[in-house]
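First up is the structure itself, then whatever we jot down about it.
Chain identifiers are assigned alphabetically (A, B, ...) following the order of the sequence lines, protein sequences preceding nucleic acid strands; residue numbering begins at 1 within each chain.
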2 protein chains.
Amino acid sequence: MRKKITLKQIARELDVSISTVSKALKNSKEISADTIQKVQAFAKLYNYRPNNIALSLKNRKTNTIGIIIPEIVHHFFSKVIRGVELVANQRGYNVIIGLSNESFSKEVINMEMLANGSIDGFILSMSKETLLQQDYHHYNETMNQGMPIVMFDRVVSEIKCDKVIVDDFNGAKNAVQKLISNKCEHIALITTRDYVSVGRLRTQGYLEALEDNNITPQAELILKMDDTLDYEVHLEKLEGEIEQLFKAHKEIDGVFAVNELYALSAMKVARRMGLNVPNDIQVIGFTDGVLSKHSTPSLTTVSQHAQLMGERAADLLIDKIEAEFEIEEEQFQTVVINTELVERESTK
Amino acid sequence: MRKKITLKQIARELDVSISTVSKALKNSKEISADTIQKVQAFAKLYNYRPNNIALSLKNRKTNTIGIIIPEIVHHFFSKVIRGVELVANQRGYNVIIGLSNESFSKEVINMEMLANGSIDGFILSMSKETLLQQDYHHYNETMNQGMPIVMFDRVVSEIKCDKVIVDDFNGAKNAVQKLISNKCEHIALITTRDYVSVGRLRTQGYLEALEDNNITPQAELILKMDDTLDYEVHLEKLEGEIEQLFKAHKEIDGVFAVNELYALSAMKVARRMGLNVPNDIQVIGFTDGVLSKHSTPSLTTVSQHAQLMGERAADLLIDKIEAEFEIEEEQFQTVVINTELVERESTK
DNA sequence: TTTTAACACGCAAACGTTTTCGTGACTTTC
DNA sequence: GAAAGTCACGAAAACGTTTGCGTGTTAAAA
C-alpha cells in the first residue's frame, strides 16, 4: 500500500527544497529546466496530486458547495441535485449533500456542520417545519458570516438572498385555462394547506384562471389536504375525500391537482367510480415526474424544469462565490423559471 | 458582516496564547478556572466553532465519505443515498456525491477529484460503461493509496473490497415461484443483456424456479432488451417487442420483469390487448419504486431494501475507516441483503 | 579586476488547529 | 531557607500547500 505522496517527500528524495518542488511543478521560471524536468518526472512516476484539504486551508476556499434539501427520494429534488452537480462539476466544484428530512432541527444542525469551513456556499430548499415555525435565524447567521446562500422552490420573502423559483402562479393558471379551453365547466382543485408558498400560489393561479373566464369559484370544489400526516394514512384519507367530493359534485368535469400524487389519486378514484379520463373528467397535475409519464392514462402536467432550477441555482451561487470584489450594495436576484404544460392522455 | 472567528483572534483579544485558548475550550486542567471561564464566555459570545478544514488537515481525516453513483434521478439510488446519509450523519460524517452518469471517464474523474484528501472513503456503484469496458484500474489505485471502498449493487468479483449486494438470484426465484404457485404455466421473462451481473443473476433465478417445478424453459419466452439505447426510443421498442411476444405466445399467463418499467410496460401492453391483469396474466417486477406502488393495478414487486443497502454500506465503510490498527490480512466482507416479495394487485 | 546582473534555489510565513514539552512563579516540605 | 513540587501558561512543531523575498554562485559588463 503506497500512501499518497507529498511535496515534502518528493523534496527529500530529490534533495531539493519543498518550494523548489512546488514551483517546478508549476513550471515557474525561477527554476532551471533541468530541475523542472527531474521533478515533474518524479511526480508523474509517483502520481503526485496536491492535497485538497491543504489547498482549501491555504486558499480559504474549498471549491465545494453544500446543498440542503428536505428529502432525496423525490423526483423533483433529485432532479435539482442533478442540475446542481452538473454545473458545479463543470465549474470545478464538488457537491456535498445534507438532508433535513423536513425537520427544522436537522436543517440547523446540518447547516452548522457544513458552515464551519467545509463549503463555500449553500443551495437549499426549506423544510416544512421551518416554514411552519418561521424561524429563519440560521439562514441569516450563516449569511452574516459571509457565506452566500441560494434558495430554491420553497422560499420566503423575509430572507434576503438569491432565489430560484418556479412560476407557480402562471403554471397553475395556464393549466386551468387549458381545462377551460377544453370545455371543462366545473373544475375542482386539490391542494395542500397554505403554509407552503408554493401551494398558495398555485391556488391563486387556479382562482384567477376561473375569474378570467367569468366562472365563479366555488369553495366546495376546493379540497385542501393536510400533508403533515403520515404518508400512507395521508394517501388513504386523500382518496376518501376525493371520492366524497366527486360524489357530492357529479358535475365536476375537470381536476387540477397541485402535485402528481393528488392527480393520480383523482384518476384512480374516477376510474373506480366508472368515470373515463379524459372523456368524463380531465385531469392535470403539477410536477413532471415518473408517475405522470408512466401512469395509465398518462398525466398531463405542469413541468417545473427541476434540473434547470438546479443549474441556475448553482450558477448563481458560484457567481457570487467568485465575485471577490465584495460589492457593498448586496444585490440579490430572483430567477423565475417558466413552467411548461406537458400534454398527455389525461386531457383531450 | 462578521467573519468567522478563529483561535488566534480570541487569543489576541484576551491577551493569552493560542494554545491557552485551545486548551481552555477543552476544559483542560492545565488552565485555571478563571481563564477557562473567560475564554469560554468570549467564545460563546462570538459563536466560535473550530474550522473543519484545519481539523481535517491536522488529523488527516475529513469525516466525509464520498458516494459515486451512475444516476441520481432514480428511486433505487436515491434511496441508497438516503440510507448512507442517515448512518453517516449519525456517526458524524458528511456525504459528498459524484455522479458518473453511467460514463467511465466521469467516474474516473470524479474519483480522482475526491481521492486527493477530500474524503476518507468511497461508497460506489459501477457505471454501465465501466462494467462493459471491464477497466477497474481506478478502483485498485484508490485502494492502494489506503482509501477504503465499499461497492453496492453493481459489483464485480475481480475487485477485492467490501460489498453490499441484493440477493438477486433468490429474489427472482421466489418471484417466479410465486407465479408458478399462482397457477401460471407459461411465464415470460423480460430482462436486459447480461453484462450487468444483476441482470444475469435474475435470469438464473427465473430459470432455476422453472426447473425446480419441472417446467422446461423456453428461449422464445425470454425477451432480452438492449438498455444502452436512448431512453424514449428504448421504451417504444420495448413495448413493440412485448406486444410481439404476447401475440406470438397467447399462452403466456405470467410475466417476470427485471425492473419496474419493464413490468409496467408489460401491463400496459396487456391492457391494450384486452387482457386483464391479474386474471388473464399476472405480473411481477423487481425494484420497489413509486411506480409499482402507484400504478393501476399496483405492481407486485421484489423489494430490494435500497435504504438498508445504503445503511449497511455506510456502516461497513465507517467501520473500516475507523479500524486504525491496519489488520495486515485485509478481510473483505460481502453483505447480502435479502429481498422481499411485496404482493399487490398484479398477482392473484 | 571590480561591479552588476541574472540565475537557481532555499527560507519562512501563512492558513487554523492540537498537543508535547519547557519554564517561570509560587507553594510546600524538611 | 533551600530543595522539591505544583500551577498556569507559552513556544513550537506538525498537517501540506503557496509565494514573496533573500542569497550565494556564476557570467557578463565596465
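Separating the CG atom of B/Asn27 from the C1' atom of C/dT18 is a distance of 16 Å, rounded to the nearest angstrom. In this entry the distance linking CG of A/Asp120 with P of C/dC15 reads 18 Å, nearest Å. At whole-Å resolution of the value, NZ in B/Lys4 and C1' in C/dG16 are 12 Å apart. Rounded to an integer number of Å, the gap from A/Ile18 CD1 to C/dA13 P is 14 Å. In this entry the distance linking CG of A/Leu57 with C1' of D/dG16 reads 9 Å, nearest Å. For the pair B/Asn59 CG and C/dT19 C1', the computed distance is 11 Å after rounding to whole Å. Taking atom CZ of residue A/Arg49 and atom P of nucleotide D/dT17, one finds them 12 Å apart after rounding to whole Å. Between A/Gln9 atom CD and D/dT17 atom C1' the separation is 14 Å, expressed in whole Å.
Ion pairing between a basic and an acidic side chain is recognised when a charged N comes within 4.0 Å of a carboxylate O; B/Glu107 and B/Lys128 show no such pairing. Between B/Lys320 and B/Asp120 no salt bridge is recorded (no basic side-chain N to carboxylate O distance below 4.0 Å). Look at B/Arg312 and B/Asp162 and you find no salt bridge, because none of the NZ, NE, NH1 or NH2 atoms lies under 4.0 Å from a carboxylate O. Using a 4.0 Å cut-off between charged side-chain N and carboxylate O, B/Lys106 and B/Glu129 make no salt bridge.
With hydrogens and angles ignored, a donor-acceptor pair under 3.5 angstrom links the side chain of B/Ser19 to the base of D/dA11. Under 3.5 Å, the side chain of A/Lys23 and the base of C/dG10 form at least one donor-acceptor pair of N or O atoms. At a cut-off of 3.5 angstrom, the base of C/dC9 holds no donor-acceptor pair with the side chain of A/Ser17.
An OP1 or OP2 oxygen of D/dA8 is reached within less than 4.0 angstrom by no side-chain nitrogen or oxygen of B/Thr35. Taking only side-chain nitrogens and oxygens, A/Arg60 comes nearer than 4.0 Å to OP1 or OP2 of C/dG16. Between A/Lys8 and D/dC15 there is a side-chain polar atom (N or O) within less than 4.0 angstrom of OP1 or OP2. Here A/Thr6 does not reach the OP1 or OP2 of D/dC15: none of its side-chain N or O atoms lies under 4.0 Å away. For the OP1/OP2 pair of D/dG16 and a distance below 4.0 Å, the side-chain nitrogens and oxygens of A/Tyr48 include no atom meeting the criterion. Of the side-chain N and O atoms in A/Ser32, none sit less than 4.0 angstrom from OP1 or OP2 of C/dC7.
Of the two residues near DNA chain D, B/Lys29 and B/Ala54, the one whose nearest nucleotide lies more 5' is B/Lys29.
When each of D/dG10, C/dT19, D/dT17 is scored by its nearest atom to the side-chain atoms of B/Lys26, the top-ranked nucleotide is C/dT19. The nucleotide whose nearest atom lies closest to any side-chain atom of A/Thr20 is, among D/dT17, D/dC15, C/dG10, C/dG10. The A/Ile31 side chain lies nearest to C/dC9 when the options are C/dT20, C/dC9, C/dC15. Across D/dC9, D/dC15, D/dT17, the shortest atom-to-atom separation from the side chain of B/Glu30 is found for D/dC9. Residue A/Leu55 places its side chain closer to D/dT17 than to any other of D/dG10, D/dC15, D/dT17.
The minimum heavy-atom distance between A/Leu57 and B/Ile53, with the atom names listed, is N-CG2, 3.6 Å.
Residues A/Glu85 and A/Asn94 have side chains that never bring a donor and an acceptor to within less than 3.5 angstrom of each other.
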